[in-house]
Every structure is written in structure tokens, then in C-alpha cells.
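One structure is given below, encoded as C-alpha cells.
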Amino acid sequence: MANVLVCIKRVPDLGGEIRLTADAMGVDDSSLGHTVSPHEEAAVELAIQTAKDTGGEATVLTLGSEDAVEQLRNALALGCTGAVLVEADAAAYGPADVAAAVADVVRDHEAAGTSYDLVLVGNDASDTGDFQVGVRLSYLLDRPVVAGVSTLSVDGGEVTARGGSPDGGTEVYQVALPAVLTVMEGGVEPRYPSIPGRMKAKKIAIDRVTPTGEPQGSGRRRLTLPPAQPSQVTVLGEGPEAAGAVVDLLESLGVTR
Amino acid sequence: MSVLVLVETDEGGAVEVSRETLAFVRGTDADVRALVVGEVSPELVEQLGSYGVREVLRADGEAFSSYAAAAWASAVVAAADGVPLVAAAGTPRGNEVLAHVACRLGVAMAANVVAVEGTDPLVVSRQVLGGSALEELPLPDAVAVLTVAGHACEPSTADEPAAPAVREVSVDVPAADLRARVVRTEPGEPDESGSLKSARVVVGAGRGAGSADGFKDLLELTELLDGAALGVSRVVTSLGWRPHHEQVGQTGSRVTPDLYVACGISGAIQHWAGMSTSKTILAINTDADAPMVTKAHYAVIGDLHEIVPAINEELRRRAG
């Protein structure tokens, strides 16, 4: 039996354009929907599969405002059986703060009788791209960590984790539990929520906790966007009649056989 | 000021992103040291010298015979020996190892830095939102730990090559460093993302492909062009139409082909992050206002399922 804690983060679902807030400290998400990072969708899937395969529980955690309950409910609808909201202003938390808050929850749950054999996080969040929360968490918990995992299986007290190697192959790790893994998408296809899953998710109580200690913050001074370029597009035509102009272009670029 | 750069190597010596990183940090100061884990050939030393490296530090031994990020971090910390700046390329290895290093030194880490904005204190700009925005971030700690984003600068050699000395670093690798270690490597499929990353032309396909059966004409186009590969947007892999190794974008491959043909791709940030550095972009889309169309160099407005077969036919006709 393996209990899994999977950590997710509510992020804006960006389309083709980004607008910043007036103070340039964040993305203006007032007109955007929200989601979790792609790597975290894969992490949730791996958490649910691992819990099912081993007869354990998959618990989802996020640090954020009440709005982030939407993302917790989605993970519950997919098959997580418990959810923790660390109530905090996510923008005030740097990667070390987030790791510390998650580590506190892991320790508190352990003290209360629920230990996590695996803690899964995304390899990097699609908004802040810090690439370090999982590693920091492993140091705080004194557990081994593997980054960039795309598939995993648990057997006895050990996890076998696979991820890409620099030469395009696959690297295999065998690590004693408990461990921290950072997940990259590509190894599993995240499931879609079922109607009964959604109904069940509504009834699960969300465990709300308040972090102890003040966050240090990320240190961000401001965000900048590259200057907007006026469109320079040359329209070669409409419909199949443009094929001749396209092939002229392909020939001028020297990419035809 | 001294700078330590963790250099990744393959059969061809220092990998391109590591050479970019050497060129990047050379701009901040001249005294560059390189740490290499594993074998150091005379050719590698000469190559690193051409990038201005003054000293090559080498960590080798049983603990490094297979990859363990924590052991590499022990090597970096041993080699850093008081330097105020430790850098690596923004690769999976670079980001992972330096995250360990930052934990051990009790300092911040800035991933995917593209520019130095100020030096007293050090302030960097780094990529966030898949490279669509930059974050200005001070690194006031005693040791600044950062990774350099791929293609943030050219991998240019130094004006004056150096003749670096090679020094073995003695690294005490505790058993805890080897708790998470690669136990074996399995070869990849020959046709996986390698050919996509090195393709001269990428034929990209998005939701507009319509279904798993909607790629026949696009695949034929890759056959008719020289050195072309199929790349797809995340929605295509999420729907299970094509495998993940064909995905281009923030969480897929990053490609820089001579030509990117974006077919039925709206141009969301997630995808744009993976192909925006293509030299020429040709968009084929029903929506003339789609971000991909307005950002492209060339566009054809219409349904890819009518336009791509016509292009294929014209290519075959001209080829005779």
C-alpha cells in the first residue's frame, strides 16, 4: 500500500496573449480561466494510478486562495480521495516557502497517523518555472528525490521511476520509499473526470490549513513582456488556390526535395 | 570574480547549451572555471579553453559512474570553494543539480536566466511563463546560483583562448547522495523526438487536424520536404491523436527549424514557447486573427484539409 500526496498549483489558462497587472508583478488573469500545469496533470494521474494499484490513498494539496478549491475538486473528481488547501496568497510565496509549507503538512499528517510514501510535484510550474520546489522539499523531509519522472511503479518498499535521459533514452531509478518525485508529462495520459466522480468530489471535505511562519517571497521585482511587434505577416492567399504561392516560398527557402 | 560552470558533455565534447552558458558568464567576468563530471579528454580541455575557461575541474570515481543529482551537487559544492557565482545550462540536469546545490548552500536559485541587469547586487532576468515573459530577480545571497536558458546567447568562443589547467576535485560523496541514482538506461526509439529537434522543417499540426485520422496529408508533406518532421500541439497529444514525443511547446520539444509550417494551430503560449525561434513561420489557419497567423511571416487563410493536399499536389507536379 502506498499513500501518495500530489501537489498542484492553480495557474491561468493562457491563450495567445499575456497581459500583466498594473504593478507588473503578475499576470492579469481577471478574464482568464484557470487550470494546473501540464506536468501536474500527469502527476495527479500517476498519484491516482499508484494509489489504486497499491490499495493506498491519493491526496491532493495546493497552496493558494479559496479559488484554488476548483483545482482540488477537479483532482478529487479524477480519483483523489483527500484534499488539502494551504490557505495563503500564492504570489507571496517563493519556491522555498512553498516547499516549507508542504513539508509542514507532510510532517503534521505523519504525526496524526497518515504518512506519505510518495510526494509528487510537477517538474516546474508553467507560470513561475522555478524548477526547484520538489528538490527543496526533499531536503526539508530528508528524502531522496528524482526529477523529471514520467512513469512510476511501486513494489514493496521501493519505487521504480523512469524519465528521459539527455541522449533521448530512458533513465531508470529504483529508490527506497518514502521519496519525492518531480513529474514531467508524457508518460501517462491523464484521465477525464466522470459524472459520478464529480458528484463524489463535491462531498469530500477539504482539509484547510494555515501555514505557520511568514513567507520570504520569491524576490520578484517585476515582470516584463517583450515589446509587441506589429504583425508583419504576408498573406499568400486563401484556400487551395494559394498552393502555387506556398510552393514558390518553399522553393525560395530551399526546403523542397 | 570567479565563476564556476557545471559543463555537460557528450561524444562531441561540451554540449551546445553548456557552451552558451560559458559564453554567457564570460560576459560577467573573465575568471571562468568549468566542472566536468566524468572523463576529461585533451580535446575537451582545448575546447573549454577556446571558450575562455581558465581551469577545468574534474570529478570522477565510482560515485559518478551513473548519474545521481545529489552526488553531482556534492561535486559542484566541492568545486565551488567560495566562488560567488555558480552556473549551469538550463537543461533538466542543470536545473536539477543546481537546485540541490542551492539547498545545500542555503541560497536562492534562478532558473533559465537570459540577462544580467545589474551586478551590485546581482539582478538577473529569467524566463517565466514558458519564456513569454521575463522576471527581474535580485540574487543577493553570498553565492548566486543560476541556470542559463537555452539560446539566451550565442555559443561564441573567447577572443583569446585560454590554456586551462586540469585539476581533480576530491569529492566526499555520502551514501545519502546515492539514494536516488540511475540504475540503468534504456535506449530510446530511433524515430522519437531526436529527429524532430534537429529537423530543418517542422510541419506543425493543432486542433485543426480534426481527428487522429487527420494527419495523412501532413505526414505526406513531411515526406515531400527536405529534412522535415511532424510536430504537434499539446491538444493533439492530450486527445490521444498523436504520441507525446511529437509535441512541440513549453512541455514538449523546443524546436528552431528553418521553416515552421503551423497548420490549424491557434498559437497559444504553450505552443508558441516551443517554436517561436523558428527562422520562418508559415501559418495555415481558417482564422485570420489567430495569434499564430498575426505573428507568422507568411500565412494562408483556409482549411488545412483543402490547402495541404493542394500544396502536396503542386510539390509533386513540380518535382515531375
Side-chain angles (χ1 to χ4, degrees), chain A residues 14-18 27 38-39 126-132 135-136 139 144-148 164-176 179 184-186 189 218-225 231-240 242-244 246-247 249-250 253 255-257, chain B residues 69 92-93 95-96 99-100 102-103 108-109 111-112 127-130 132-138 179-180 182-188 192 194 200-201 224-226 234 240 244 250-251 258-259 266-269 280 291 293-294 296-302 306-307 310-311 314-315 318-319:
Chain A
L14 299 172
E17 308 284 341
I18 293 175
V27 173
H39 296 319
S126 61
D127 57 349
T128 49
D130 288 311
F131 291 85
Q132 57 193 276
V135 173
R136 289 191 181 277
Y139 278 77
V145 59
V146 180
S165 74
D167 64 4
T170 301
E171 289 179 334
V172 185
Y173 291 82
Q174 281 167 338
V175 180
M184 283 180 86
E185 79 165 358
E189 246 175 67
S218 67
R220 171 181 294 180
R221 277 194 180 165
R222 60 173 184 147
L223 296 182
T224 56
L225 295 177
S231 180
Q232 307 256 328
V233 67
T234 302
V235 176
L236 298 175
E238 290 191 18
V246 171
V247 177
L249 171 69
L250 297 174
L253 294 172
V255 296
T256 55
R257 280 191 189 275
Chain B
R93 287 254 200 284
N95 284 323
E96 182 183 19
H100 280 265
C103 288
M109 175 183 96
N112 289 323
Q127 292 178 341
V128 294
L129 298 159
S132 305
L134 296 179
E135 175 184 61
E136 216 172 275
L137 187 74
R179 290 182 295 181
V182 172
V183 292
R184 64 178 181 277
T185 304
E186 295 164 354
E192 288 196 5
R200 280 189 67 209
V201 181
L224 291 166
L225 297 177
D226 188 30
R234 182 162 185 265
H244 186 272
Q250 191 177 354
T251 51
D258 292 339
L259 174 66
S266 67
I269 296 298
T280 301
V293 174
T294 58
H297 303 96
Y298 300 95
V300 178
I301 310 306
E306 294 173 9
I307 295 164
I311 294 169
E314 181 65 12
L315 282 166
R318 293 199 198 179

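In what follows, every chain begins at residue 1, and chains take the letters A, B, ... in the order their sequences are listed. Quantities reported herein were computed from a predicted structural model and do not represent experimental measurements. Just so you know, these numbers use all the heavy atoms, side chains as well, and skip hydrogens, waters and symmetry mates.
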Take A:Val145 and B:His100 through the side-chain contact (heavy atoms from CB on, under 4.5 Å) test and state the conclusion after the steps.
-> CA-CA 10 Å; A:Val145 59; B:His100 280 265; 3.6 Å; yes
Out of A:Val235, A:Asp130, A:Asp127, which one racks up the most heavy-atom pairs below 4.5 Å with chain B?
-> A:Asp127
Please determine, among B:Glu135, B:Glu306, B:Gln250, B:His297, the option with the most heavy-atom pairs under 4.5 Å with chain A.
-> B:Glu135
Per-residue contact mode, B:Ser132 against chain A (heavy atom under 4.5 angstrom) = both
Tell me, for B:Asn112 versus chain A, whether the close heavy atoms (under 4.5 Å) come from the side chain, the backbone, both or neither.
-> side chain
Heaviest contributor of heavy-atom pairs below 4.5 Å to chain B, chosen from A:Leu249, A:Asp167, A:Leu225, is A:Leu249
For the candidates B:Pro291, B:Ala108, B:Ala180, which exhibits the highest count of non-hydrogen atom pairs separated by less than 4.5 Å from chain A?
-> B:Ala180
Engaged part of B:Arg184 at the chain A interface, taking heavy atoms whose separation is under 4.5 Å | both
Smallest separation among heavy atoms of B:Asn95 and B:Ala111, with atom names | OD1-CB, 3.8 Å
The interface call for A:Val27 against chain B, heavy-atom contacts under 4.5 Å, is side chain
For residues A:Ser218 and B:Leu137, report the shortest heavy-atom separation together with the two atoms involved.
-> O-CD1, 3.1 Å
Which of A:Glu189, A:Glu185, A:Arg220 touches chain B most, by non-hydrogen pairs under 4.5 Å | A:Glu185
May I ask you to name which of A:Ala242, A:Gly129, A:Ala179, A:Pro240 has the most heavy-atom pairs under 4.5 Å with chain B?
-> A:Pro240
Chain B heavy atoms under 4.5 Å from A:Thr128: which part of the residue, side chain, backbone, both or neither?
-> backbone
Please look at A:Tyr173 and chain B and tell me whether the side chain, the backbone, both or neither of the residue comes under 4.5 angstrom of a heavy atom of that chain.
-> both
Going by heavy atoms in the side chains, are B:Val300 and A:Glu238 under 4.5 Å from each other?
-> no
Chain B contact via A:Val247 - side chain, backbone, both or neither, heavy atoms under 4.5 Å = both
With a 4.5 Å heavy-atom cut-off, do A:Glu171 and A:Pro166 have their side chains touching?
-> yes
Take A:Leu250 and B:Ile311 through the side-chain contact (heavy atoms from CB on, under 4.5 Å) test and state the conclusion after the steps.
-> CA-CA 10 Å; A:Leu250 297 174; B:Ile311 294 169; 4.1 Å; yes
Residues B:Leu315, B:Leu225; criterion side-chain contact (heavy atoms from CB on, under 4.5 Å); working and verdict | CA-CA 9 Å; B:Leu315 282 166; B:Leu225 297 177; 4.0 Å; yes
With chain A, which of B:Arg200, B:Arg318, B:Glu314 has the greatest number of heavy-atom pairs at distances under 4.5 Å?
-> B:Arg318
Identify which of A:Gly164, A:Ser165, A:Gly148, A:Ala147 forms the greatest number of heavy-atom pairs closer than 4.5 Å to chain B.
-> A:Ala147
Side chain, backbone, both or neither: which part of B:Pro138 has an atom under 4.5 Å from a heavy atom of chain A?
-> both
Chain A contact via B:Val201 - which portion, at a heavy-atom distance below 4.5 Å | side chain
Nearest heavy-atom pair of B:Tyr298 and A:Val233: which atoms, and what distance?
-> C-CG2, 3.8 Å
Hey, are the side chains of B:Ile301 and B:Val293 touching, using non-hydrogen atoms and a 4.5 Å cut-off?
-> yes
In terms of heavy-atom pairs under 4.5 Å with chain B, which of A:Gly169, A:Pro38, A:Gly244 leads?
-> A:Pro38
Output yes when a side-chain donor or acceptor of A:Gln132 lies under 3.5 Å from a complementary backbone atom of B:Met109, and no otherwise.
-> yes
Could you go step by step and tell me if B:Cys103 and A:Val135 meet the side-chain contact (heavy atoms from CB on, under 4.5 Å) rule?
-> CA-CA 8 Å; B:Cys103 288; A:Val135 173; 4.2 Å; yes
